[in-house]
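Note sheet for the following structure.
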Amino acid sequence: MQNDPLILPSPAKLNLMLHILGRREDGYHELQTLFQFLDYGDEMTFSVREDGEIRLLTEFAGVPHDHNLIVKAARQLQAQSGCTLGIDIHIDKILPMGGGIGGGSSNAATTLLGLNHLWGLGWSEDQLAALGLNLGADVPVFVRGHAAFAEGVGEKLSPEYPEEPWYVVLVPQVSVSTAEIFSHPLLTRNSLPIKVRPVPKGNSRNDCEAVVTELYPDVRKALNLLGKYTEAKLTGTGSCIFGAFPNEADADKVLHLLADTLTGFVAKGSNVSMLHRKLQDLSKETGTRYS
Ligand SMILES: C[C@@](CO)(OP(=O)(O)O)[C@H](O)COP(=O)(O)OP(=O)(O)OC[C@H]1O[C@@H](n2ccc(N)nc2=O)[C@H](O)[C@@H]1O
Ligand SMILES: Nc1ncnc2c1ncn2[C@@H]1O[C@H](COP(=O)(O)OP(=O)(O)O)[C@@H](O)[C@H]1O
């Protein structure tokens, strides 16, 4: 068992396109979406406890301890594996909540991968992804750690290799509820499935954009402002807006020009998540398999 704290990143994702094909009987929506990670995210620290307790030491505004996806992920893994060890978890949270960049799902996935290692469970990625899907439709892609075309409710993943540009991500100061957008009567739900891959050019729209910009004027404003410099799009159900640039300097320049009116950040797109890169580095250093 490892006694030193394990520090792992918990990256954000973007949906480079998002089409809604229909609604299932259980209310969930059939999607086609292209996920890519950002080299930008939270940092999580895990310390094993012998007494079986699971404690998240960082407080989240508006999210009670037991509802936090980090705690839920740890508890489900502990219950399903029969592990008697516990964990203390600390997080430096920089990802906005309800931003469409998957912070909660990413935190859950980092927890599953971190605890699988620290508790010595030896679960496969398939097992962890299946557990993760119970916690949220976006958790499996973070468990797998590779950019992917996703179908179903987001769980059928095929690896993809989109370009890895630098992005400006604008963060309107509103939290968008995914459930609110998916239950909206005016949401487009009849996009035709894309049958070829990689996704052909001209298919990069996000079907949630019309409803989200109608409900949240701040999101529309961010879309219009970034749209003056590059193609600007919504990620997931928002609120964040992103646009691609060929290099960091160009992205920085645009963020700087918008800084009076909007907050945001610059980050590189990545097809292998920084969590998985860190786990691979740790494996090389210690000769232990981390994932
Ligand atoms: C839309 C996407 C695109 O990546 O991202 P976000 O905007 O949330 O980041 C995801 O599909 C979101 O995944 P996630 O945030 O894990 O959603 P969940 O917790 O599973 O679901 C929240 C709610 O959204 C609705 N929902 C979610 C996914 C889906 N394919 N169809 C749905 O109808 C359901 O009403 C569900 O109760
Ligand atoms: N660890 C967590 N980090 C962020 N949000 C969490 C977490 N646990 C639970 N939540 C809840 O999940 C909601 C969605 O969060 P998040 O995944 O960050 O946004 P999105 O799904 O829009 O990308 C939050 O508003 C919050 O209520």
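The shown structure was predicted, so the numbers you read here are calculated from the model rather than taken from an experiment. Whatever order the structure lists ligands and atoms in, that order sets their numbers, starting from 1.
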Candidate with minimal heavy-atom separation from [atom], of [options]:
{"atom": "atom 5 (N) of ligand 2", "options": "K93, H67, M97, M44", "result": "M97"}
{"atom": "atom 22 (O) of ligand 2", "options": "C240, S239, G100", "result": "G100"}
{"atom": "atom 19 (O) of ligand 2", "options": "S177, A179, G238, G98", "result": "G98"}
{"atom": "atom 12 (C) of ligand 1", "options": "I20, D138, L18", "result": "D138"}

Decide ring pair (Phe, Tyr, Trp, His ring centres under 6.0 Å) for F142 and F35; before the verdict, give the C-alpha distance in whole Å, the side-chain angles of both, and the deciding distance to 0.1 Å. CA-CA 10 Å; F142 286 107; F35 285 109; 7.3 Å; no

Non-hydrogen atom of K13 closer than 4.0 Å to ligand 2: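 The answer is no: ligand 2 sits nowhere under 4.0 Å from a heavy atom of K13.
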
Yes or no: does G99 have any heavy atom under 4.0 Å from an atom of ligand 2?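 For ligand 2, residue contact (heavy atoms, under 4.0 Å) with G99 is present.
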
Looking at [atom], what's its closest protein heavy atom, distance included?
{"atom": "atom 29 (C) of ligand 1", "value": "Y28 CD2, 3.4 Å"}
{"atom": "atom 24 (O) of ligand 1", "value": "T178 CG2, 3.3 Å"}
{"atom": "atom 26 (N) of ligand 1", "value": "F182 CD1, 3.3 Å"}
{"atom": "atom 31 (N) of ligand 1", "value": "H29 N, 2.8 Å"}

Need the ligand 2 atom indices (1-based, order shown) with element for anything under 4.0 Å from a heavy-atom of [X].
{"X": "I70", "value": "1 (N)"}
{"X": "N107", "value": "1 (N), 2 (C), 3 (N)"}
{"X": "I101", "value": "23 (O)"}

Pick one of side chain, backbone, both or neither for how V63 approaches ligand 2, counting any non-hydrogen atom pair under 4.0 Å.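 Just the side chain.
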
Against heavy atoms of [X], which atoms of ligand 1 measure under 4.0 Å?
{"X": "G136", "result": "16 (O), 20 (O)"}
{"X": "F35", "result": "4 (O)"}
{"X": "S105", "result": "16 (O)"}
{"X": "G100", "result": "7 (O), 9 (O)"}

Looking at R277, K268, K278, K13, which one forms a salt bridge (charged side-chain N to carboxylate O under 4.0 Å, His left out) with D39?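 Looking at R277, K268, K278, K13, the match for D39 under the salt bridge (charged side-chain N to carboxylate O under 4.0 Å, His left out) is R277.
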
Ligand 2 N/O within reach of N68 N/O, cut-off under 3.5 Å: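 In this structure, N68 places an N or O atom under 3.5 Å from an N or O of ligand 2.
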
